[in-house]
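Working notes, beginning with the structure itself.
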Amino acid sequence: VGKGAGDRREGFGVIASAALELARWQFAVTTVYHFLFVPVTIGLAWFVAGMQLAWYRTQNERYLRMTRFFGKLFLINFALGVVTGIVQEFQFGMNWSEYSRYVGDIFGAPLAIEGLAAFFLESTFLGLWIFGWDRLAPKVHLAMIWLVAFGTTASAYFILAANSWMQNPVGYKKVGDHAEMTSLGKVFFQELQITHFFHTIAASLLTAGLIVLAVSAYWLRRNRDVELFGGAAKAALVVTLFSSAAVIVVGHFQAQILTDKQPMKMAAAEALYETSSPAPLSLFAVGPWERHPKRTDIDIKLPHALSVLATNSWSGEIKGINQVQSEYRERYGPGDYTPIVGSTYWTWRIMVGIGFLAFFFSLLGLWLVRRGRGLERSRRFTWWAYVFLAMPFVANIAGWLFTEMGRQPWIVQGLLLTRDAVSPRVGVASVALTLAGFTAVYAILAAVEGWLMARAVKHGPEDTVPAAAPGAPLPPLVY
Amino acid sequence: MLVAAGYFNLESLWFLLIAVLWIGYFFLEGFDFGVGMLYPILGRDEAEKRALLGTILPVWDGYEVWLLVAGGATFAAFPAWYASLFSGFYLALFLILLALIVRGVAIEYRNKHTGAVWRRRWDVAMPVASALTALLWGVAFANIVHGIPLDARGDYTGGLLDLLNGYAILGGLTVLAAFTLHGALFLSLRTRGELEERARRAALLLWPPTAALLIAFLVWTAIDAASTSAKQIVVLVLAGATLAAGASAWPLAWLRRMGMAFAATGAAIVLFVATLFLWLYPEVLVSSTEGVASPTIFTTSSSHYTLVAMTIVAIVFVPIVLLYQAWAFWVFRARLGREDFEEVKNPLDLLGRTPLGRKT
């Protein structure tokens, strides 16, 4: 960052650091909130596309009712994903103007391409899908929801490429007081980005799978539309099983890349202070309630496991926090380069733990429905399906908190510090006001959305639609 | 003209593309905002309100993306402009964001529940949010061209109240009035029967105040921009063309040439935004601080590599987007009437319609 920004900041002192903290809170609140809806949008889009394809292929009316019922839930969720997404794009310039100046040459490109190649696609074709039931030929109408699903997934790819670049900047050079792109290909196709993308898409499908399962469980427990919801639940279990397996496997390779690219993040995730060879895997650790506890009070370990997981060798060396800290101090100058260890350690474990729980839960579900036995008779399992509705959201939040908090104090790993990235002229009162404003409006919207969702679920699918005969026009979805 | 003046370069191309994105946004969302303000007034019962709102329901979200892409393109092509603009207009943009959120949710959620109180609340939220957004966009653009206090780094040094000067408020009111008129003409084109006639009468009534505001704003702009440089003369010609296009809307509406009248306000919006952007060019913000130079497209732009890469991406995707958005517009071309939305007890009641939405 240029000298000017530094000079100005000194004058503000404490107030500037309060503005920085509030800007970080605002990013956390708006991003976590936005990401409650995003995976549901991506995952449910593929579900609904699959259901409509099943209807198109078989002309079985059950699939049509399924499509329209889950399509409605998809739409209620989609609206909030859209409106909270605008805030995300504006926020970089509003709160992080120094960041925008420094990295815009690289970071702006995926954002612009996301709008051009993905947002236009999903929004335009979603309108055509919702209102096109009676205006488009069935095959064309089916193509609309597939294009929406494709658009939501493409959008994830572009924004994740931008985020991957913050974790591991590649394809750039430093020029004066900012960074410039030297390879769009590297920004878009670096190894970390590929795993980041598949991990997020798998997590989205997992989220949608558990939603479809819980909603189906609601009606199965009431013995209504057993055939429809039994089928949906089974499909959801299969999707959840495969996507949780994918989350775990891709996550494993992602962690190996991170061990190499962001050693501090992974050391903090394991609360590993001293460089170890072999390194044990910590299963449960408790330390003093501090930012950087110097020790752990309880630490249950699995010998060799971290070495094996992270380096594919029985005694591979894993760098500890203390060594990375001193290396960074040498390379980047004096300063604290350690993230909050406790939050990194626990968000990582919550995310991974839920991934495994979802895997075993879906396995159990599929065992229960083997050879056509219905879930409607497994009251305990369907009750647990409600509990598992909340799990993917907790895991998604934990995953992002781990990714972003584990990178601190950097906003771009090794290149730009978060405290140098904030808007220098935006005062603490302004950030406080907008933080309060967004939080209040988002809270109200969450209540409204939750109420609408619950109502749509309880209302159930439309009654028999006799016009399901081939060629007959169908009414628009909701209006 | 740009080539002739020796101005052709990638920076100018991206400035032009960003201008086109804003033009697209204001043209398309302009009538969406207008419909958002007018439907609770023009629609006398539930069926009419739904018919009026139905004209934008399938398409509004696709149009809002024009704004997102304009923002993203500014970030990618002119990072320093994006940084100064978005951090400088901090609280104004916060209000715009809140209004856009409320408006989006209002459009999408209003019809998802039939409760009278529920709908009445959204029928208040939607016009207020639409009006606020239109007003604030006008205020923001007037400030961009008119000048704001900046420091040497291009950061805005004023506060929210500095943005609310006379010129900016006049600009805000002009945009607000123009969008309302544009929306009324759009409705007269997309509805039929009683609604069509009511929308036309609304447009005729809205025209005089809109014209007065537009004349006042353009005269003020012309006085500001008056100079003998070639560019300023083109700016003045564009401003004159804006007036002429806007002026022709009333007689055309009076003669019931609604398509032409809508094209006239559309052309006025296109020319209006073009006027402001050309006046600004090649600056991106105008510094009103003594001794601080205005940032330009050359001082704020990305590297050559990024601009080339983004140009290739734009050449590939922009034509495709235009094609499918035009197709979507065509799919939903049918005029809507109140009888299409009379309370539907069963979705099957809607089945008796032809693919264009009319009852057989």
Side-chain angles (χ1 to χ4, degrees), chain A residues 4-5 76 79-80 82-84 86-87 89-90 92-94 97-98 100-101 104-106 108-109 111-117 119-120 123-124 126-128 130-132 134-136 180-182 184 423-426 430 433-434 437 441 445 448 452 455 462 465 467 472-475 478-479, chain B residues 50 54 57-59 61-62 64-65 68-69 71-73 75-77 79-80 82-87 90-91 93-94 97-98 100-101 104-105 108-109 111-113 151-153 155-157 302-303 305-306 309-310 313-314 317-318 321 324-325 328 331-332 347-348 350-351 353 355-357:
Chain A
I76 294 171
L80 281 199
V82 168
V83 296
T84 55
I86 317 171
V87 178
E89 199 203 43
F90 280 34
F92 294 111
M94 289 170 72
S97 68
E98 287 300 319
S100 305
R101 283 200 179 97
D105 198 286
I106 303 136
L111 261 69
I113 298 173
E114 183 187 25
L116 205 51
F119 288 160
F120 270 130
S123 59
T124 309
L126 185 64
L128 283 157
I130 305 171
F131 298 94
D134 57 349
R135 281 155 216 232
L136 298 170
E180 287 184 1
M181 181 151 60
T182 56
L184 186 65
S423 299
R425 290 274 181 187
V426 174
S430 296
L433 179 71
T434 54
V441 170
L445 290 183
V448 171
L452 265 185
R455 210 178 134 269
E462 292 164 334
V465 185
L474 283 156
V478 193
Y479 303 96
Chain B
R50 289 181 59 177
L57 268 172
V59 288
D61 187 15
E64 191 167 270
V65 177
L68 282 160
V69 177
F75 198 174
Y82 170 79
S84 297
L85 184 67
F86 282 64
S87 65
Y90 192 84
L91 290 176
L93 282 174
F94 167 67
L97 283 173
L98 286 191
L100 286 176
I101 290 172
V105 174
E108 290 298 317
Y109 281 3
N111 293 347
K112 285 196 169 63
H113 174 51
D151 67 10
R153 204 172 158 72
D155 279 327
Y156 178 60
T157 56
S302 278
S303 64
Y305 177 90
T306 299
M310 290 306 298
V313 171
F317 283 105
V318 170
V321 170
Y324 64 64
Q325 284 221 331
V331 168
F332 298 113
L348 297 179
L350 289 163
L351 289 177
R353 289 197 208 152
L356 288 183

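Chain letters run A, B, ... following the sequence lines, proteins first and then strands; every chain starts at 1.
- Interface residue A:L136: only side-chain heavy atoms are found under 4.5 Å from chain B.
- Among A:V87, A:I86, A:V83, the one residue that satisfies the side-chain contact (heavy atoms from CB on, under 4.5 Å) test with B:L100 is A:I86.
- Both the backbone and the side chain of A:L116 come within less than 4.5 Å of a heavy atom in chain B.
- Remark: side-chain polar atoms of A:D105 are paired, donor with acceptor, to backbone N or O of B:S303 under 3.5 angstrom.
- Heavy-atom distances place the side chain of A:V82, and not its backbone, under 4.5 Å from chain B.
- The candidate from B:G104, B:S84, B:G54, B:A77 with the greatest count of non-hydrogen atom pairs under 4.5 Å with chain A is B:S84.
- Contact of A:S430 with chain B is made through backbone and side chain together, with heavy-atom distances under 4.5 Å.
- Ring geometry, A:F92 versus B:F75: the interplanar angle falls from 30° to 60°, so the pair is classed tilted.
- Heavy atoms closer than 4.5 Å to chain A are found in the side chain of B:Y305, but not in its backbone.
- With a threshold of 4.5 angstrom between heavy atoms, A:L433 approaches chain B through its backbone and through its side chain.
- Listed here is the closest heavy atom pair of B:G62 and A:T124: CA-OG1, 4.1 Å.
- Proximity to chain A involves both the backbone and the side chain of B:V105, based on heavy atoms less than 4.5 angstrom apart.
- Not a single donor-acceptor pair under 3.5 Å links the side chain of B:Y82 to the backbone N or O of A:R101.
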Residues B:Y90, A:T434; criterion side chain to side chain donor-acceptor pair (under 3.5 Å); working and verdict: CA-CA 9 Å; B:Y90 192 84; A:T434 54; 3.0 Å; yes
